[in-house]
Every structure is written in C-alpha cells, then in structure tokens.
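Let me begin by presenting the structure, written as structure tokens, before commenting on it.
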Amino acid sequence: MTSTDFPNFKTHFIGLFQQASNAIRSLEAAVVDIELTRTKQASHGDYSCNLAMQLAKPLHKSPREIAQLLVNALPPSPYLEKVEVAGAGFINLFLKNSAKQQFLHYILHSKNTFGNCTLGQGKRIQVEFVSANPTGPLHVGHGRGAAIGASLSNILAAAGFDVSREFYVNDAGRQMDILTLSTWLRYLELNHIHIPFPQNAYQGEYVKTMAQQIFQAHAQRYVHQPELLLDSSPEAVLAAEMNIDEQLDKLIANTKKILGQDYAYIHNFVLTEQLGDCRNDLMEFGVEFDTWFSEQSLFDNGLVAHAIELLEKKHHLYQQDGATWFRSTDFGDEKDRVVQRENGQFTYFASDIAYHLNKFERGFDQVINIWGADHHGYIPRVKGALHALDLDAEKLQIALVQFAVLYRNGKKAPMSTRSGEFVTLRELRQEVGKDAARFFYVMRKSDQHLDFDMDLAKSQSNENPVYYVQYAHARVCSVLTQWDGNVDDLQDVNADILSSPAELALLQKLIDFPDTLEMAAKEFSPHLIAFYLRELASEFHSYYNSTRFLVPEISLQHARLALIASIRQTLSNGLLLLDVSAPDKM
RNA sequence: GUGCCCGUAGCUCAAUCGGAUAGAGCACCAGCCUUCUAAGCUGGGGGUUACAGGUUCGAUUCCUGUCGGGCACGCCA
C-alpha cells in the first residue's frame, strides 16, 4: 500500500461483507444492498452494519445468529482491530489505530484533492440555477438558490462529475416588456413628459437609473409621440373597465407601436444592463456560470416551433377554444396545458419544453434544475413533456429550494418584488460579507424553510458559524508559521504517537470527510459540508486548548503538526467547496 | 376546496434516506488567558420529536386521522 493510494474504509468493509454473505449459501437469496454507518458511540466501534437484522425476517433466524455467521465468514482485513456482535444484532467494526494514523499520509499527499472521489465517473451533469428574470436586482431569495447551486456544483465536480453550470435567461417574456415600458416611462419623465406610472410596473430606483443613462446618452432621441400612448382608441376609452394587467398590456402594445424599431433598442438596453448587473453581482458572490442560455434564442432558432411539432407528430396535442393544448394528463399532470395561445403566441411552458429538449440534445447524462419551492406544481408537466418526447425523464432531477425569510432587527423584512421594497443580495453581501452569507445559506437543508437572521450573520462573534470554522483554519496557520518548517516534510511522518482519545477521534473525523462529500453529492445536500466543517472545527478547537503542538520532543511535535496540517487541509478543501475563503489570520 | 412540503430543547436547526442513550449552535448559569490567536475551551440545566392510533426486533423517519404553518393551483413568466 502506498501512502497516496489509501482505501475508502467504508467501501472496503462493504466489500468484505459482500464476500462474507456470498460465502454463506443460506444467505444468497436474501441479501440486498449492504449499508455501513458510522457509529455515534465509541463503545460501538467505528462502523456498524445492520445487515443481520435486515436478513432476520426473510431467513426466519435470529439476527444475532446471522450476525455471528457473517462475522465468522468475514475475510481478514489489515485495518480491523476487532469485530463485535452487539445489541439486537449489530456488527460493530473497530478500526486499528495504525489505520487511522496512516490516513494522515494520504491527506498530506492528496492536498487539495483530498476528499474527491470518482462517484461521477466523468459523467456530464448540468446544473441550472438562479435563472432569475433579468428585470431587477437579485434579492436574498435568489441568493439561496445561488449559494446552493454553486456549492452543489462544486461538490459534484469534486465527486467526479463533469459539471456545467447554467443560467436560463428569461429574456423573451412579458416581464421584459414591462421593464422596457417602465424604463421608457421614466425616460419620458426626464423629458418632462409625465404619464401616470402604473402601480404594477417596476417601481424600483434602478429603473430610473437606466432611464437616466438613456437620457444622458441620447437626450430626446426616444421620445417620439408619447401622447399616442394614451390614445383615444376604443380600447383606451374602455380603460376604466380593464383590469390593471390588461391596461399594462395595452400600454406595452402602444409603446411598441409608437417606438417601432426603437423599441428593440430600449428592450435590449435594459436587458443587457440587468444581465450585466446580475452577472457582476453573482461573480462577487463567488458564483459563476459556464453558459447563459437565452430563452429568446429558442424562438429565433425555431426550436420552440420544432418542439411543438414533435409533440404534434407524436399525437400529444389537441385544439380547443382556438388554443393548442398538450395532453399532460396522460403523464400524471392534474390538467392539460396550453402550449400555443389563441393569438398564436407560444406560452412560457412551450419554450420550456424546447429548452429541456435542447438540454437533452446537448447530451448531458444528468440534468439538475434548482427551482424555488413555488415551482413544485410545475414539475409534472415538464417531466410529462419529456416522457411525451420519448426522453428519459429520470435524467432530469429537480431540487426544490424553499424560500428564505429574512429577519432584520428581530423582525421579518419585506420582500415584495414589484414594489421595489426588498433586500437585495448586494445589500446582504455588503452588510454581512460574502463568506458569512454563503455559509449561512447552506447551513440548512435546502428543502427546509430558512430563516435568515441578518443580525446573526453580521455579528463578528462566535454566534456566526463561519468565523468559527475560519478561525480554526487561521489558528493552524499561525502555529505552522511559528514552527517555521516545511509542511511537505510532514507527509510521511511517524504518526503512531497520536493515540490519545482526542487525537484518534480527530483522525476518524478526517477519515469521514470523503464519505461526507460523497453523501453530499448523492443527496444534493451542501449543508452536510457546512455541518461537517463546524464539527471538525469544534474538535480542533477543543484539541488546541488541551494540547500543545510545539513541544520540545521532535517526533511528537511533528506527528501533532502533521495532524493539524491535515485538519487545515480538510478545512480548506471544505470551505473551497462552499466558496468561502480560508484565511491565514483573523 | 384540492395537491405538495413541513411541525424536533426557550430560539435557529441536525439526526448518514427504519437503527443502539434524539444531537449542535444561540440564549442562560459556573469556571479557564505570564506558554502555539479567548472570534477559543471546560462543566451545567434544559425533550412524551404537534396530537392520537397503526405497521415491526426497533419509528423523529413509513401508513391513517386530527390540529397548526408554508407553497401551488392562469391561454402569467
């Protein structure tokens, strides 16, 4: 065994149990997949297997009896100190101290690849996240999706997937038209033309800023004939009887008519402006994308029409009330869905079908969508469309992220979007910092509601878990700096001396890191990394306070330094997965 | 009204997809710096896992019901 080629204990032991159960003829039929879990108590050893209890029922034998059979048939392992049958029929495995100690060599040789695994086998996986409408600044709700998506992408990459990060740009819809209208109205105001600003248009200050930019660059170039906006057409006369959304659509239609070719200029300007802002915001948040995929391009390239044609050919469409419907009820949806409206316009769902078809055609082995929980009702129709197109809908996995509720000064902060009254992601970053925000966002399971406490996240004290972890890293750095040696010289140090309970527990904790990462990748659960880091930091801080590292005895000193250097490496690797910095000093 | 998610310490949340005595942080109380960073450590009190049944060797986890909360139910995106 070379120090750079260390086994994963868990999979190694599962293999042993596999062999053992294969060797026992009476078990053959019953054996399912073998699970190995880490124990919570030291008296139960390091790993525990419940296979015997699972087999008890089908075999009509007592669990302890089966457990003993398995233990007897278990091949020898150089890493095992002892094996015990305990409790109702658990098989407990005790690792040799030497196995734990030598693991340090593996960590110090692996360096920044420690924890990585080959779970993904190079498979191409796409993660689509954020995908916010480019109609205004990102708010704290988007921040959660961004943090989880980015961290998950990093985790999947470390787990051996070929990850592609994608942002779907909704640049084709009505929301963009509303933003265009809103900006033009503000621009007219700058030209002293005051038209009542609709309450359901975009109220935010950033709209005025964009209008200002257009005004400064082009003065009155885009004023045209605003009086036509509220023309005396029959529709306008009936305005009082239109609801506010119909009024808005009327204003948009008139604006397009008035501006003609110039509408596209303004539309494009606001889109570019918002997208650039969004990209910049996310970059400063540590989130970057490989692809920004335009919804409009699906229309321009005829992919939407193509996708609908395909559905038509496969007889999944029908006409009713002048519209074209997709029979999604055939695939478990609760009602059929319109793909093409009476007026000939495709719906958002239609472009989404084309988008997902396109994702599949790009040849990804797996596609993950990270969606806000409010989209859960949307899943059956998208999966249904994939089924209808004879695609393997299993390749698409949707990870729902629950809303974040922001608390400020102990009170719930408002988050309404149209009104412009919301806390932006940028403000959050400025108030609490990137690291604290990123860590806080992934401190919860993503499918749980999140209470984001600004005051807690902001406090530079032990209340904020991110500093606790970073502090552990900085402390190790400080010790190693004072030692003034080369960490690489510790790679093959004799670690046998590390035999105190605290040291062995720390070693086991380090051994857990690759398993934690693999689990986080399998379950799409970045929060596991955050929890792991806090636990590791906790054990380190405790060790730090109880033990001196820079002791006179060189062999002991080097062994302990190797241990804390390994801890530092693991903390650093883990923090990197979350795009949180690992500072040398604090 | 229908569907999905959720309910765990005073608060915010875990619990390796059914495992052994349900764990952390915050808050509260009592201690620890002339020695590697006190943004730290040590100890303490805190629970009928919303409630009532059921399934089995074993339930916070699975099933049913009740109560309470969130979200979704457009020819919006």
Side-chain angles (χ1 to χ4, degrees), chain A residues 10 35-41 43-44 48 50 53-54 56-57 62-64 86-90 92 133 135 170 172-176 178 245 295 320-325 334-335 337-343 345-349 351-352 372-380 400 402-403 405 407 443-445 447-453 456 459-468 470-472 474-483 512 515-516 518-520 522-523 525 527-528 530-531 534-535 537-538 540-551 560-561 564 585-586:
Chain A
K10 219 169 161 177
E35 289 170 17
L36 210 68
T37 52
R38 282 275 287 114
T39 54
K40 289 170 189 164
Q41 283 180 66
S43 64
H44 294 155
S48 170
N50 65 350
M53 290 183 284
Q54 291 181 318
K57 184 106 184 228
S62 91
R64 290 192 67 109
F90 293 100
N92 293 334
N133 281 337
T135 52
N170 294 124
R174 176 167 178 266
Q175 297 305 321
M176 277 308 301
I178 297 175
D245 274 322
E295 181 190 4
Q320 190 179 307
D321 304 328
T324 306
W325 297 70
E334 43 189 36
K335 56 170 289 196
R337 309 291 174 178
V338 171
V339 289
Q340 192 168 17
R341 295 180 204 125
E342 201 174 350
N343 62 12
Q345 291 251 309
F346 289 110
T347 60
Y348 173 81
F349 179 45
S351 53
D352 225 18
D374 54 333
H375 280 67
H376 73 257
Y378 196 68
I379 298 171
L400 291 180
Q402 291 285 348
F403 288 132
V405 181
Y407 286 85
M443 276 296 291
R444 307 290 183 258
K445 273 172 76 171
D447 59 358
Q448 295 287 344
H449 294 267
L450 167 72
D451 285 344
F452 198 117
D453 188 331
L456 174 56
S459 67
Q460 303 257 324
S461 71
N462 56 6
E463 292 172 40
N464 194 316
V466 75
Y467 298 111
Y468 185 79
Q470 290 178 320
Y471 186 49
R475 269 183 151 177
V476 177
C477 289
S478 174
V479 175
L480 291 176
T481 301
Q482 287 171 57
W483 169 55
D512 287 342
D515 292 332
T516 304
E518 186 171 326
M519 181 74 71
K522 275 184 186 165
E523 308 280 327
S525 298
H527 79 279
L528 292 176
F531 276 93
R534 214 179 50 176
E535 286 163 14
S538 170
F540 165 75
H541 284 309
S542 179
Y543 182 55
Y544 181 93
N545 274 55
S546 70
T547 311
R548 236 191 122 65
F549 311 129
L550 297 174
V551 290
R560 287 180 176 164
L561 290 175
I564 64 170
K585 53 181 91 145
M586 288 175 73

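Remember, predicted model here, so these are calculated numbers, not experimental data. Chain letters run A, B, ... following the sequence lines, proteins first and then strands; every chain starts at 1.
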For the [atom1] atoms, the ones on [N] and on [M], what distance do you get once it is rounded to whole angstrom?
| N | M | atom1 | result |
| --- | --- | --- | --- |
| B/C62 | B/G23 | C1' | 23 Å |
| B/U55 | B/G70 | C1' | 30 Å |
| B/C13 | B/C71 | P | 15 Å |
| B/U60 | B/A22 | P | 9 Å |
| B/U21 | B/U16 | P | 15 Å |
| B/U12 | B/G7 | C1' | 14 Å |
| B/U48 | B/U8 | C1' | 12 Å |
| B/A24 | B/G44 | P | 11 Å |

Atom pairs, protein N/O to nucleotides 7-10 of chain B N/O, distance under 3.5 Å:
none

Is a donor-acceptor contact shorter than 3.5 angstrom present between the side chain of A/N92 and the base of B/A20?
->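 In this structure, the two groups form a donor-acceptor pair.
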**Message:** Between B/A20 and A/T39, counting only base atoms on the nucleotide and side-chain atoms on the residue, is there a donor-acceptor pair under 3.5 Å?
**Reply:**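 No, no donor-acceptor pair under 3.5 Å.
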If you restrict it to nitrogen or oxygen atoms, what contacts under 3.5 Å exist between nucleotides 29-36 of chain B and the protein, and what is each distance?
residue	atom	partner	partner atom	Å
B/U35	O2'	A/R548	NH1	3.2
B/U35	O2'	A/R548	NH2	3.3
B/C36	O3'	A/Q482	OE1	3.3
B/C36	O3'	A/Q482	NE2	3.0
B/C36	O2'	A/Q482	OE1	3.3
B/C36	O2'	A/Q482	NE2	3.1
B/C36	O2	A/L550	N	3.3
B/C36	N3	A/F549	N	3.1
B/C36	N4	A/Y544	O	2.9
B/C36	N4	A/T547	O	2.2

Selection from [options] that lies nearest to any side-chain heavy atom of [X]:
| X | options | answer |
| --- | --- | --- |
| A/Y471 | B/U56, B/G40, B/U16 | B/G40 |
| A/E523 | B/C5, B/A15, B/C17 | B/C17 |
| A/M586 | B/A39, B/G19, B/C13 | B/A39 |

So, A/H527 and B/A14: ring centres less than 5.5 Å apart, planes less than 30° off, yes or no?
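Not stacked by the 5.5 Å and 30° rule.
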Rounded to whole angstroms, how far apart are [atom1] on [X] and [atom2] on [N]?
| X | N | atom1 | atom2 | value |
| --- | --- | --- | --- | --- |
| A/R38 | B/G19 | CZ | C1' | 15 Å |
| A/Y467 | B/A39 | OH | P | 14 Å |
| A/E535 | B/G25 | CD | P | 10 Å |
| A/R444 | B/C5 | CZ | C1' | 18 Å |
| A/H376 | B/C6 | NE2 | P | 12 Å |

Minimum-distance pair of heavy atoms, taken over all atoms of A/I564 and A/V476
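Minimum heavy-atom contact is O-CG1, 3.3 Å.
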A/M443 and A/F531: which non-hydrogen atoms are nearest, and at how many Å?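 Closest approach of A/M443 to A/F531, heavy atoms only: O-CE1, 3.2 Å.
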Contact under 4.0 Å: [X] side-chain N or O vs [N] OP1/OP2:
| X | N | answer |
| --- | --- | --- |
| A/K40 | B/A22 | no |
| A/K585 | B/A39 | no |
| A/Y468 | B/C26 | no |

Please identify each residue that fulfils side-chain hydrogen bond (donor to acceptor under 3.5 Å, both in side chains) with A/K522, with sequence neighbours left out.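 Scan of A/K522 (side-chain hydrogen bond (donor to acceptor under 3.5 Å, both in side chains), adjacent residues dropped) gives A/E518.
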Could I get a table of every N or O pair under 3.5 Å where one atom is in the protein and the other is in nucleotides 74-77 of chain B?
residue	atom	partner	partner atom	Å
B/C75	OP2	A/K335	NZ	3.4
B/C75	O3'	A/R341	NE	3.4
B/C75	O2	A/E342	N	3.0
B/C75	N4	A/D321	O	2.8
B/C76	OP2	A/R341	NE	3.1
B/A77	OP1	A/R341	NH2	2.4
B/A77	OP2	A/R341	NH2	3.0
B/A77	OP2	A/Y348	N	3.3
B/A77	O2'	A/N133	OD1	3.3
B/A77	O2'	A/N133	ND2	3.3

Stem regions touching RNA chain B, defined by at least 3 consecutive Watson-Crick or wobble G-U pairs below 3.5 angstrom: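 Runs of three or more consecutive pairs: B:1-7 with B:67-73, B:10-13 with B:23-26, B:28-32 with B:40-44, B:50-54 with B:62-66.
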How are the rings of A/F549 and A/Y543 set to each other: parallel, tilted or perpendicular (split at 30° and 60°)?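 It falls in the tilted class, 30° to 60°.
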*How are the rings of A/F540 and A/Y544 set relative to one another: parallel (under 30°), tilted (30 to 60°) or perpendicular (over 60°)?*
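If you compare the ring of A/F540 with that of A/Y544, the planes turn out tilted.
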Side chains of A/H44 and A/F90, heavy atoms from C-beta outward: is any pair under 4.5 Å?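 No, side chains not in contact.
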Please work out if [X] contacts a base, only the sugar-phosphate, or nothing of the nucleic acid, heavy-atom cut-off 4.0 Å.
| X | value |
| --- | --- |
| A/A474 | base |
| A/Q41 | base |
| A/S351 | nothing |
| A/F531 | sugar-phosphate |
| A/M519 | sugar-phosphate |

Non-neighbouring partners of A/D512 that pass salt bridge (Lys or Arg N to Asp or Glu O under 4.0 Å), sequence neighbours left out
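Applying salt bridge (Lys or Arg N to Asp or Glu O under 4.0 Å) to A/D512 gives A/R38.
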Residue met sooner reading RNA chain B from 5', once A/M443 and A/H541 are mapped to nucleotides:
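Its nucleotide being nearer the 5' end, the pick is A/M443.
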Pull up the glycosidic torsion of B/C26 and say syn or anti, syn being anything within 90° of 0.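 Glycosidic conformation of B/C26: anti.
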Next on the checklist: Looking at A/T39 and A/S48, would you say the former's side chain and the latter's main chain have a donor-acceptor pair under 3.5 Å?
Outcome noted: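 Checking the backbone N and O of A/S48 against the side chain of A/T39, no donor-acceptor pair under 3.5 Å is found.
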Test item: A/R64 side-chain N/O and A/G87 main-chain N/O as donor-acceptor pair under 3.5 Å: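 Answer holds: yes.
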